[in-house]
2 protein chains.
Amino acid sequence: MFKALADEGRRRLLDALRERNGQTLLELCELLPELTRQGVTKHLRLLEDANLVVTVKRGRHKLHYLNPVPINEIAERWLSNYERDKLRALSALKAALQEDR
Amino acid sequence: MFKALADEGRRRLLDALRERNGQTLLELCELLPELTRQGVTKHLRLLEDANLVVTVKRGRHKLHYLNPVPINEIAERWLSNYERDKLRALSALKAALQEDR
DNA sequence: TTGACAGGCAACCTTTTAGTTGCCTATGGT
DNA sequence: ACCATAGGCAACTAAAAGGTTGCCTGTCAA
């Protein structure tokens, strides 16, 4: 899932869906004009595999929806650990930097 | 920075530093016995480039410290956007899934 | 019912990333 | 002074990610 976020293009796609949910493939392609449709498809596939977007086929359109659940899960489960130890880590850092070298 | 987090080994390194800050390279190597020392060095280099760890040379030891600032910055700046729109995105998602297909 | 539109699939190429090996440098203990 | 310890650098290989092209399928609208 971090891997899915580790690409600027994919983050752009997520942002776009955050702004307007349920966009089609071609709509999202306009967002990344430097890529071909298939390129965008691949990125969306990764996001789907990471369960960050969910798709619905409607007629000949494929609509893409943001799935906000896992990104929040990660944020809470993983990042809050760092939040918790932030001050301790910071002071250790400062101490180390100020010691005699 | 997401790229730096997009690797299990590097996350393990960060976790280790969260548990005990200021470890040397060789100490961290024990954490990833499947890699050689140079392999670990490279990972630490990436973490350092992403400004997630800071190093201090002390004698012949190189101490690694967690830098908790950027990880929190990201969490707040980026992830909180998704938190903000969570409910809206969720309901759009549900609506889409329940529509006639 | 035919053609244009939206999208899928597979093969291929290129670039990045991950990892190793071999050798070199500096520091500290005895 | 010497050797073991801690680490750095560079070249190389292997694997994965990113992207393209070409062609195929399904759906809607005239």
Side-chain angles (χ1 to χ4, degrees), chain A residues 1-17 20-67 96-97 99-101, chain B residues 1-17 20-67 96-97 99-101:
Chain A
M1 128 115 205
F2 277 114
K3 253 196 206 155
L5 291 177
D7 180 276
E8 173 59 27
R10 288 194 290 269
R11 289 194 296 270
R12 291 239 295 274
L13 289 171
L14 290 179
D15 282 338
L17 289 179
R20 188 160 67 77
N21 220 343
Q23 298 192 53
T24 69
L25 172 58
L26 285 184
E27 284 172 328
L28 292 169
C29 276
E30 292 172 21
L31 209 96
L32 299 173
E34 65 268 23
L35 298 197
T36 61
R37 177 173 56 86
Q38 289 76 0
V40 177
T41 299
K42 284 202 177 179
H43 283 300
L44 288 170
R45 174 100 189 281
L46 288 188
L47 291 172
E48 215 177 329
D49 289 349
N51 200 30
L52 290 174
V53 316
V54 173
T55 61
V56 179
K57 274 203 290 184
R58 293 241 293 145
R60 56 177 159 178
H61 297 283
K62 187 180 190 183
L63 306 179
H64 297 77
Y65 289 88
L66 190 60
N67 179 8
L97 293 172
E99 261 173 42
D100 295 336
R101 295 151 227 179
Chain B
M1 128 114 203
F2 278 113
K3 254 197 207 155
L5 291 178
D7 180 276
E8 174 59 28
R10 289 194 288 269
R11 289 195 295 270
R12 291 239 294 276
L13 289 172
L14 289 180
D15 281 338
L17 289 179
R20 187 159 66 78
N21 221 344
Q23 299 192 52
T24 69
L25 172 57
L26 285 185
E27 285 171 327
L28 292 170
C29 277
E30 293 172 21
L31 209 96
L32 298 174
E34 65 267 22
L35 299 196
T36 62
R37 176 174 58 83
Q38 288 76 2
V40 177
T41 299
K42 284 203 175 178
H43 283 299
L44 288 170
R45 174 99 188 282
L46 288 188
L47 290 172
E48 215 177 330
D49 289 348
N51 200 30
L52 292 174
V53 315
V54 174
T55 61
V56 180
K57 274 203 291 182
R58 294 241 293 143
R60 58 176 158 178
H61 297 281
K62 187 180 190 185
L63 306 180
H64 297 77
Y65 290 87
L66 190 61
N67 180 7
L97 292 172
E99 260 172 43
D100 295 337
R101 309 168 206 160

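Each chain gets a letter, A, B and so on, in the order the sequences are listed, and its residues count up from 1. None of the values given here were measured: they were computed from a predicted structure.
Applying the 4.0 Å criterion to OP1 and OP2 of D:dG8, one finds that B:R37 has every side-chain N and O outside that range. Between C:dT20 and B:T36, a contact under 4.0 Å exists linking OP1 or OP2 to a side-chain N or O. At the phosphate of C:dA26, neither OP1 nor OP2 sits under 4.0 Å from any side-chain N or O atom of B:H61.
In this structure, A:N67 contributes its side chain and A:N51 its backbone to a donor-acceptor pair below 3.5 Å. Of the possible polar contacts, none joining the B:H64 side chain to the B:T55 backbone as a donor-acceptor pair under 3.5 Å is found.
No donor-acceptor contact under 3.5 Å links the side chain of B:R60 to the base of C:dG29. Between the side chain of A:K42 and the base of D:dG19 there is at least one donor-acceptor pair of N/O atoms closer than 3.5 Å.
The separation between A:E8 atom CD and C:dT16 atom P is 16 Å, rounded to whole Å. As a whole-Å value, the separation of A:Q23 CD from C:dA6 P is 14 Å. The separation between A:R45 atom CZ and D:dA17 atom C1' is 14 Å, rounded to whole Å. The interatomic distance linking B:Q38 (CD) with D:dC12 (P) rounds to 17 Å, in whole Å. Between B:R58 atom CZ and C:dG28 atom C1' there is a gap of 14 Å when expressed in whole angstrom units. Atom-to-atom, CG of B:D7 to P of C:dT17 comes out at 12 Å; the value is rounded to the nearest Å. The NZ atom of A:K57 sits 14 Å away from the P atom of D:dT25 (whole-angstrom rounding). Straight-line distance from the CG atom of A:L25 to the C1' atom of D:dT27: 16 Å, rounded to whole Å.
Across all strands, A:G59 comes closer than 4.0 Å only to sugar-phosphate atoms, never to a base (heavy-atom distances). Residue contacts for B:E27: at a heavy-atom cut-off of 4.0 Å it reaches no nucleic acid atom on any strand shown.
Across all non-hydrogen atoms, the minimal contact from A:Q23 to A:E27 is CA-OE1, 3.2 Å.
Between A:L35 and B:K62, the residue anchored nearer the 5' end of DNA chain D, judged by the nucleotide with its closest heavy atom, is B:K62.
Under 4.0 Å is where a charged nitrogen must lie from a carboxylate oxygen, and between B:E34 and B:R12 at least one such pair does.
The number of heavy-atom neighbours closer than 6.0 Å to CZ of A:R45, taken from other residues, nucleotides and ligands shown, is 12 or below.
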